[in-house]
> 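Below: one structure in structure tokens.
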Amino acid sequence: MAGAPAGPASRGSADGRYGHRAVSDSARLTSLSRSVAGRVALVTGAASGMGRATAHLLADEGARVAVTDRDGDGAAAVAHEITAVHGDEAATWWVLDVASAVAIDVVVADVVARLGPIDILVNNAGVSLPAPLDGDAEAYDAAWDTTIAVNLTAHQRLVRACLPYLRRNGDGRVVNIASTEGLGAQRWISPYTASKHGVIGLTRALAVELGATGVTVNCVCPGPIRTGMTAPIPEDHKTIFAKRRVPLRRYGEPEEVAQVIVSLLLPAASYLNGAVVPVDGGMTIKND
């Protein structure tokens with residue numbers, strides 16, 4: 001079995017006792033790069049929260065970031081935050097409604113024209129709309145259509161639009177943002193829950209389909225994070241929930257999710273494909 005310890009007959013030295021090739025202390029462990037400097041990254045939903053934090057971290061590491069969001073003022077503000085620190089080439093902003101297939105094609109083409117071929121795609125834009133199944137039928141259908149369009153359909157459209165650029169060098173990176181709702185369920189938000197289960201399925205399917213091109217597709221599932229979606233929840237409710245459900249006993253911060261996202265985008269993350277990574281303070285593994 002691959003990775004299993006070797007038997008006694010294969011042990012040639014202390015360094016090779018598990019059947020691995022002995023490597024001298026002076027040799028480099030790896031030549032894989034942990035730098036995204038010079039790479040072009042497109043981040044959706046980047047005007048706030050986890051998208052904003054991801055855009056900042058990518059720029060901190062030298063990437064050229066396309067900051068996109070339906071909120072143009074918010075996207076512009078984030079781009080200006082980045083360029084104030086890293087210079088005018090570090091970030092450019094676009095208004096992008098990811099529910100529009102036409103807008104996706106136009107923005108991707110313009111990003112390539114202005115920044116260069118896209119190396120990294122972060123599908124972060126999302127919505128969560130309350131939708132009790134036994135509520136108003138028209139309102140439920142509207143919530144369903146909008147949620148699936150933004151949270152799921154847009155992901156595959158963006159991957160398809162970026163794919164010629166992502167696979168050109170055999171090292172493109174895609175990270176889709178799902179949710180711990182993709183690993184379980186709560187009441188009254190079934191469109192959101194269905195969409196996030198769909199994001200996980202899409203991630204796995206594309207990881208298999210695109211693996212031969214060298215493009216990796218992975219997924220992050222944030223738990224309770226302090227973002228615009230959770231802002232309406234009263235602080236005392238956040239505290240009660242976190243102490244009851246989260247081993248770390250607190251809500252997470254957007255940067256804590258963004259740090260994981262950026263790790264999945266590194267050139268060195270070349271053998272991580274189709275992974276579903278919860279960033280939830282241990283919430284999904286807690287049984288008591």
Side-chain angles (χ1 to χ4, degrees), residues 44-45 47-51 69-71 74 96-104 122-159 175-206 219-254 257 276-288:
T44 68
S48 62
M50 295 177 293
D69 200 284
R70 184 174 58 180
D71 174 8
L96 175 59
D97 179 357
V98 297
S100 167
V102 172
I104 286 172
V122 180
N123 276 316
N124 171 73
V127 295
S128 179
L129 303 173
L133 191 66
D134 60 355
D136 179 76
E138 187 174 337
Y140 183 90
D141 285 344
W144 179 276
D145 291 344
T146 298
T147 302
I148 296 299
V150 173
N151 291 7
L152 181 56
T153 304
H155 284 35
Q156 55 86 2
R157 283 177 173 162
L158 276 150
V159 173
V175 170
N176 296 321
I177 308 305
S179 166
T180 49
E181 277 298 299
L183 304 170
Q186 296 184 60
R187 294 174 293 174
W188 304 316
I189 54 170
S190 56
Y192 182 80
T193 302
S195 73
K196 295 305 185 178
H197 276 75
V199 170
I200 291 173
L202 177 67
T203 297
R204 289 170 166 163
L206 296 185
C219 179
V220 169
C221 293
I225 309 297
R226 291 184 176 278
T227 67
M229 282 189 186
T230 61
I233 301 172
E235 281 301 313
D236 59 333
H237 291 195
K238 286 188 174 80
T239 299
I240 292 168
F241 176 89
K243 287 184 176 180
R244 179 169 57 90
R245 295 284 306 279
V246 182
L248 290 182
R249 298 173 66 82
R250 63 177 177 84
Y251 266 53
E253 299 296 334
V257 181
V276 178
V277 184
V279 186
D280 63 357
M283 185 181 73
T284 54
I285 61 170
K286 189 173 185 290
N287 289 326
D288 61 350

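Only heavy atoms go into these numbers, but all of them, side chains included; no hydrogens, no water, no symmetry mates. These figures come from a predicted structure and were not determined experimentally.
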> Search all heavy atoms of E253 against all heavy atoms of R226 and return the closest pair with its distance.
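So the minimum-distance heavy-atom pair works out to OE2-CD, 3.3 Å.
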> Between F241 and T230, is there a side-chain heavy-atom distance shorter than 4.5 Å?
no
> Enter the distance from T284:OG1 to R245:CZ here, rounded to the nearest 0.5 Å.
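Answer rounded to 0.5 Å: 9.5 Å.
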> Report the residue from N124, L206, V199 that forms a side chain to side chain contact (heavy atoms under 4.5 Å, CB included) with H155.
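That would be V199; it is the only one of N124, L206, V199 passing the side chain to side chain contact (heavy atoms under 4.5 Å, CB included) with H155.
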> Around atom CZ of R187, are there more than 12 heavy atoms from other residues, nucleotides or ligands closer than 6.0 Å?
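No, because the 6.0 Å sphere around CZ of R187 holds 12 heavy atoms or fewer from other groups.
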> With heavy-atom distances below 4.5 Å as the criterion, would you say the side chains of P224 and Y251 are in contact?
yes
> Closest heavy-atom contact between K238 and A231?
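So the minimum-distance heavy-atom pair works out to NZ-O, 3.9 Å.
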> Can you name the side-chain contact (heavy atoms from CB on, under 4.5 Å) partners of D136, sequence neighbours left out?
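Only E138, A139 meet the side-chain contact (heavy atoms from CB on, under 4.5 Å) criterion with D136.
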> So, the side chain of E181 versus the backbone of Q186: is there a donor-acceptor pair under 3.5 Å, distance only?
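At least one qualifying donor-acceptor pair exists.
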> How long is the span from the OG1 atom in T153 to the CG atom in L158, to the nearest 0.5 Å?
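Interatomic distance, T153 OG1 to L158 CG, rounded to 0.5 Å: 11.0 Å.
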> Check the side chains of T180 and D280 for a donor-acceptor pair under 3.5 angstrom, ignoring hydrogens and angles.
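Not at all, the side chains of D280 and T180 share no donor-acceptor pair under 3.5 Å.
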> Take K196 and N151 through the side chain to side chain contact (heavy atoms under 4.5 Å, CB included) test and state the conclusion after the steps.
CA-CA 7 Å; K196 295 305 185 178; N151 291 7; 3.9 Å; yes
> Provide the closest heavy-atom pair for G45 versus A125 in the form atom of the first, atom of the second, distance.
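Distance-wise, the nearest heavy atoms are N-CB, 3.7 Å.
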> So how far is it from S179 OG to I225 CD1, rounded to the nearest 0.5 Å?
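That separation rounds to 9.5 Å.
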> Provide the closest heavy-atom pair for Y140 versus P132 in the form atom of the first, atom of the second, distance.
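Reported closest heavy-atom pair: CD1-O, 3.6 Å.
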> Is there a side chain to side chain contact (heavy atoms under 4.5 Å, CB included) between I200 and L183? Walk through the geometry before answering.
CA-CA 9 Å; I200 291 173; L183 304 170; 3.8 Å; yes
> Heavy atoms, side chains only, cut-off 4.5 Å: are V276 and C221 in contact?
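V276 vs C221: side chains touch.
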> Identify the heavy atoms of A99 and R157 that sit nearest to each other, and give their distance.
O-NH1, 3.5 Å
> Between V257 and T227, is the side chain to side chain contact (heavy atoms under 4.5 Å, CB included) condition met? List the steps.
CA-CA 11 Å; V257 181; T227 67; over 6 Å; no
> Give me the atom names and distance for the closest heavy-atom approach of A154 to V98.
CB-O, 3.2 Å
> So how far is it from D69 CG to D97 CG, rounded to the nearest 0.5 Å?
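Reported value, rounded in 0.5 Å steps: 10.0 Å.
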> Do the side chain of T193 and the main chain of S190 share a donor and acceptor less than 3.5 angstrom apart?
no
> Rounded to the nearest 0.5 Å, how far does CG of L152 lie from OH of Y192?
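The OH atom of Y192 sits 12.5 Å away from the CG atom of L152.
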> Between N123 and V159, does the side chain to side chain contact (heavy atoms under 4.5 Å, CB included) criterion hold? Intermediate values first, please.
CA-CA 9 Å; N123 276 316; V159 173; 3.9 Å; yes
> With rounding to the nearest 0.5 angstrom, report the CD1 to OG1 distance, I177 to T203.
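The CD1 atom of I177 sits 9.0 Å away from the OG1 atom of T203.
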